[in-house]
Engineer: 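Dropping the structure in here first, questions after.
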Amino acid sequence: MTTDEQLAYLTKGVEETIRVEELRARLESAAAARRPLRVKAGFDPTAPDLHLGHTVLLRKMKHFQDLGHTVIFLIGDFTGLIGDPSGRSVIRKPMTPEEVAANAETYKRQVFKILNAEKTVVDFNSRWLGALTGRDWIALCSRYTLARLIERDDFSKRLKEQKPIAVHELLYPLSQGYDSVALEADVELGGTDQKFNLLVGRDLQQEYGQPAQIIMTMPILEGLDGVQKMSKSLGNYVGISEPPASMFGKLMSISDTLMWRYYELLTDLSRGEIAGLKHSVDSATTHPMEAKKALARRIVADFHGPEAAQQAQKDFEAQFRDNALPHDLDTRSIILNEPLKLSRVLTGIGFFESNAEAQRKMKEGAVHLADFDAAGELQWTRITDPTWVLDPSDHSEVVVRAGSRRLVKVKVNRTTAGDE
RNA sequence: GGACAGGUGGCUGAGUGGUCAAAAGCAGCAGACUGUAAAUCUGCCGGCCCUUGCGGCCUACGGAGGUUCGAACCCUCCCCUGUCCA
C-alpha cells in the first residue's frame, strides 16, 4: 500500500487529524525503520459495558492494526479517580485492583469482537501515574499553565456560568497527557470531546523531549434519541453484548435521519454506497423502513453473525407486523399461591418502578395479556382495570406486554404446602 | 478574612405563611395515528394502601433547630456554590 492509500484508509471517517502531514511523515519514517507506530486510546475503567458508540473508535484502532501498527488499549484506572471533567465531578472512590482487573477482562471480552487480540497491548495508567512522587507531580504541573488549562471548553464554560471547578479536575488533562509521554505514543485516538486532552499530550511530549503525537478525533455517535451522545447513563444505547432481538429492535426505533448517521459510522459501506441508498430512499424506490432493516441486520451481524441477524429480523417482523410472539421470548418465573393484583406482578418483574406507576399505566391502556383462543390464534386483551387480579389457579403462564418494548412470558409457579 | 448573591422534583426554572406533591418548559413513559420513523394530538409523570375515589396516609423544596393552629416561604445556627474585595 502506498503512503497515500494508507492515509486515505486511516483518515476515513475521522473528524479531525492533527496533523495529516505529520501522520504522513511518521508513517514513512516508521516504514523506513521497520518500526510499527504506537497508537494509543484511553478508556474509562468504570464502564466496561461497551455500546455502539465505542465501536466507532474501536474500528479506527483496528484500521491501524490492519496496517501492522501496535495498538495500546489503555485503561485509565488512575485517571478514573479524577473523572473526566465533563460534568461536576468529585474525587471518585478508588477501585480495588480486583475490580480493575475484572473490568479489564470484561473489556477484553467485548473489545476483541472488533480488535485483533494479538495485536493489542492492554495497559493501565496507574502503572506509571501511581508511581509518581509528590515531586514528580509538581514537576509535571510546572510544565503547564493555568491559562492554558482553562482554555478547555468545560472549564471556561463552567467558569463563565459561575459553576464550581475543583482543583483536582485540572489534573485530568495533565495526567492523560503524561500517559502519552510514558507510552511514547505516536498517535492518540479519541472522541472529539477528547481533543483538548489529546492536545495536552502533544504539548507535554515536547516538554519531555519527545516528538509530539499525532491526534485523531472520531465523531461522537448520537444515541437512539438522535440528540444526545450515546451513553449508558442516558439509556439511549445499544450494548454490543445485547441479544440480537434487542439490538435489532432498538435500531429499528431510531429516526430516519439518524439512520444515515449510523450507516456512516457503524457500517463498512463506503460513502458512495450510502449516498446511493439514500438516493434510492429519497426517490421512493426503497422504503425507509427497508433501509433501516438492512442497517439493523448489518449491525447485528457484526456481533452475532448473519444467521442471528436474519432470525432477529424475522422475529421483529413477526412481532410488529404480524403481531405474533418472538421466538426467544423472555420468560420470568414467579411464585404465587394466592391471587395477586396484576399491577404487583408487573412491578415485581421490573416492568414498572412502583405499584402506583403500574396502576397508572394500566389505566392508560398500556398493559396487554396474550392468550390463544380455541382456534389457536393469538389474542391480545387490554387490561385497563388497575385492580385486575391474577389468579394462579386460572393461569399457569401468561404473556404480558406493556407499551411497545416490554414483553415477557410469566410462568406462575405454586409452592407445595409447607414449602415456604 | 469581609461584602453581596444563591441552594426547589432527572434538568431548566416559578413560587416568599394556608387554595403546594409544588407553575411552566425540557426529558421520560403511555395512548391515538404510523413504518416500534418523523410530525401532530391526548394522558401520565414522589411513594404506600385500599372499597381505584377529583379517597386515605407517608415522604419532599441544602441540613438541624425554632416561631405559628399551619412553613418551600418567617427566625437562628450550620453546610455548600458563585461574584467582588483582601
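Protein chains get the first letters and strands the later ones, always in sequence-line order, with residue 1 at the start of each.
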Engineer: Select from A/K250 and A/A402 the residue whose nearest nucleotide in RNA chain B is closer to the 5' end of that strand.
Structural biologist: A/A402
Engineer: Using both distances under 3.5 Å as the test, list the Watson-Crick or G-U wobble partner of B/rC61, or none.
Structural biologist: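 Base-paired to nothing in any strand shown.
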Engineer: Can you tell me the Watson-Crick or wobble partner of B/rG35, both distances under 3.5 angstrom?
Structural biologist: none
Engineer: In whole angstrom, give me the gap between the P atoms of B/rA27 and B/rA39.
Structural biologist: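 Result for the P pair: 10 Å, nearest Å.
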Engineer: If only side-chain N and O atoms of A/K363 are considered, is one of them under 4.0 Å from the OP1 or OP2 phosphate oxygen of B/rU42?
Structural biologist: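 For B/rU42, neither OP1 nor OP2 has a side-chain N or O of A/K363 closer than 4.0 Å.
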Engineer: Quickly work out the A/M289 CE to B/rU34 P distance and round it to whole Å.
Structural biologist: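 Interatomic distance, CE of A/M289 to P of B/rU34: 14 Å.
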Engineer: Write down the distance separating the C1' atoms in B/rU19 and B/rC54, rounded off to the nearest Å.
Structural biologist: 15 Å
Engineer: Is there a salt bridge (charged side-chain N to carboxylate O under 4.0 Å, His left out) between A/E357 and A/R360? Walk through the geometry before answering.
Structural biologist: CA-CA 5 Å; A/E357 190 194 4; A/R360 258 186 261 122; 5.2 Å; no
Engineer: For a quick check of understanding: with a heavy-atom distance under 4.0 Å over all strands, which category does A/G403 fall into, base, sugar-phosphate or nothing?
Structural biologist: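 Since only primed, P, OP1 and OP2 atoms lie under 4.0 Å of A/G403, the category is sugar-phosphate.
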Engineer: Counting only side-chain nitrogens and oxygens, does A/S354 get under 4.0 Å of the OP1 or OP2 atom of B/rC48?
Structural biologist: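 A/S354 to B/rC48 OP1/OP2: side-chain N or O found under 4.0 Å.
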Engineer: Any base atoms under 4.0 Å from A/Q228, or only sugar-phosphate, or nothing? Heavy atoms, all strands.
Structural biologist: nothing
Engineer: Check whether any side-chain heavy atom of A/E242 sits under 4.5 Å from a side-chain heavy atom of A/Y237, and report yes or no.
Structural biologist: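 Yes; the side chains approach each other to less than 4.5 Å.
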Engineer: Say you pick atom P in B/rG15 and the same atom in B/rA3; how far apart are they, in whole Å?
Structural biologist: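 Each nucleotide's P atom is 27 Å from the other's.
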Engineer: So what does A/L258 touch, heavy atoms closer than 4.0 Å: a base, only the sugar-phosphate, or nothing?
Structural biologist: nothing
Engineer: Does a side-chain N or O of A/N355 approach OP1 or OP2 of B/rG47 to a distance below 4.0 Å, or not?
Structural biologist: no
Engineer: For B/rU81, which nucleotide is its Watson-Crick or G-U wobble mate, given both distances must be under 3.5 Å?
Structural biologist: B/rA5
Engineer: Taking OP1 and OP2 of B/rU36, is either one under 4.0 Å from a side-chain nitrogen or oxygen of A/R406?
Structural biologist: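 No, because none of the side-chain N or O atoms of A/R406 sits under 4.0 Å from OP1 or OP2 of B/rU36.
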Engineer: Taking atom C1' in both B/rC48 and B/rG62, compute the distance separating them and give it to the nearest angstrom.
Structural biologist: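 One C1' to the other, the span is 26 Å.
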Engineer: Determine whether a donor-acceptor pair (one donor, one acceptor, N or O, separation below 3.5 Å) exists between the side chain of A/E364 and the base of B/rG31.
Structural biologist: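 Per atom types, no contact qualifies.
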Engineer: Would you say a side-chain N or O of A/R344 is under 4.0 Å from OP1 or OP2 of B/rC50?
Structural biologist: yes
Engineer: Should the ring pair A/Y107 and A/F73 be called parallel, tilted or perpendicular, given that the plane angle runs from 0 to 90° and is split at 30 and 60?
Structural biologist: perpendicular
Engineer: Rounded to whole Å, please give me the gap between CD in A/E357 and P in B/rG46.
Structural biologist: 10 Å
Engineer: Between B/rG9 and B/rC78, how far is it from one C1' atom to the other, in whole Å?
Structural biologist: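 The answer is 25 Å between these two C1' atoms.
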Engineer: In whole angstroms, how far is the C1' atom of B/rC29 from the CG atom of A/L346?
Structural biologist: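 Distance, rounded to whole Å: 14 Å.
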Engineer: What is the distance, to the nearest angstrom, from the CG atom on A/D385 to the C1' atom on B/rG53?
Structural biologist: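 In whole Å, B/rG53 C1' lies 14 Å from A/D385 CG.
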Engineer: Separation of A/M362 atom CE from B/rC50 atom P, in whole Å?
Structural biologist: 14 Å
Engineer: What's the CE-C1' distance between A/M252 and B/rU34, to the nearest Å?
Structural biologist: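 Spelled out: CE on A/M252 to C1' on B/rU34 is 13 Å.
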Engineer: Using the P atom on both, measure B/rG7 against B/rC61 and round to a whole Å.
Structural biologist: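 Roughly 14 Å separates the two P atoms.
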Engineer: Name the closest nucleotide to the A/T387 side chain, picking from B/rG47, B/rU36, B/rU52.
Structural biologist: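 Comparing B/rG47, B/rU36, B/rU52 against the side chain of A/T387, the answer is B/rU52.
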Engineer: When the P atoms of B/rC69 and B/rC11 are considered, how many whole Å apart are they?
Structural biologist: 36 Å
Engineer: Would you say A/F352 stacks on B/rC29, if stacking means ring centres under 5.5 Å apart and planes within less than 30 degrees?
Structural biologist: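 A/F352 vs B/rC29: stacking no.
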Engineer: For salt bridge (charged side-chain N to carboxylate O under 4.0 Å, His left out), just list the numbers for A/K314 and A/E317, CA-CA rounded to whole Å, side-chain angles, deciding distance to a tenth of an Å, and then say yes or no.
Structural biologist: CA-CA 5 Å; A/K314 265 192 215 153; A/E317 287 166 349; over 6 Å; no
Engineer: For the pair A/H63 and A/Y9, name the ring-plane relationship: parallel under 30°, tilted 30 to 60°, perpendicular over 60°.
Structural biologist: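 Geometry flag for A/Y9 against A/H63: tilted rings.
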Engineer: What is the distance from CE of A/M259 to P of B/rU36, rounded to the nearest Å?
Structural biologist: 14 Å
Engineer: So what does A/R321 touch, heavy atoms closer than 4.0 Å: a base, only the sugar-phosphate, or nothing?
Structural biologist: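 Nothing, no nucleic acid heavy atom in range.
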Engineer: Rounded to whole angstroms, how far apart are CG on A/D225 and P on B/rA38?
Structural biologist: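 So the two atoms are 11 Å apart, to the nearest Å.
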Engineer: Nearest nucleotide by nearest heavy atom, which residue falls closer to the 5' end of RNA chain B, A/F320 or A/K361?
Structural biologist: A/K361
Engineer: Go ahead and name the base partner of B/rA30; Watson-Crick or wobble counts if both distances stay under 3.5 Å, otherwise write none.
Structural biologist: B/rU42
Engineer: Considering every strand shown, what is the Watson-Crick or G-U wobble mate of B/rA22 when both distances are under 3.5 Å?
Structural biologist: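 Per the H-bond distance test, none.
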Engineer: Quick one: is the NZ or CZ of A/R127 closer than 6.0 Å to the six-membered ring centre of A/F124, and within 45° of its axis?
Structural biologist: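 Because its charged atom misses either the 6.0 Å distance or the 45° angle limit, A/R127 does not stack over A/F124.
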Engineer: Using both distances under 3.5 Å as the test, list the Watson-Crick or G-U wobble partner of B/rC48, or none.
Structural biologist: B/rG56
Engineer: Under 4.0 Å between a side-chain N/O of A/R360 and OP1 or OP2 of B/rG46, yes or no?
Structural biologist: no
Engineer: How would you label the contact of A/R382 with the nucleic acid (heavy atoms, under 4.0 Å): base, sugar-phosphate, or nothing?
Structural biologist: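 The residue A/R382 makes sugar-phosphate contact but no base contact.
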Engineer: Is there a side-chain contact between A/S255 and the phosphate of B/rA38, meaning an N or O under 4.0 Å from OP1 or OP2?
Structural biologist: no
Engineer: Let's test your reading of the model: under 3.5 Å, does the base of B/rU52 pair with the side chain of A/K341 as donor and acceptor?
Structural biologist: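 Check passes, donor-acceptor contact within cut-off.
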Engineer: So if I take every side-chain heavy atom of A/A366 and compare against B/rU36, B/rG31, B/rG47, which nucleotide ends up nearest?
Structural biologist: B/rG31
Engineer: Using atom P in both nucleotides, what's the gap between B/rA23 and B/rA32 to the nearest angstrom?
Structural biologist: 28 Å
Engineer: Using a strict cut-off of less than 4.0 Å between a Lys/Arg side-chain nitrogen and an Asp/Glu carboxylate oxygen, indicate whether A/E222 and A/K229 qualify as a salt bridge.
Structural biologist: no
Engineer: In this structure, which one of A/R202, A/K195, A/K40 forms a salt bridge (Lys or Arg N to Asp or Glu O under 4.0 Å) with A/E188?
Structural biologist: A/K40
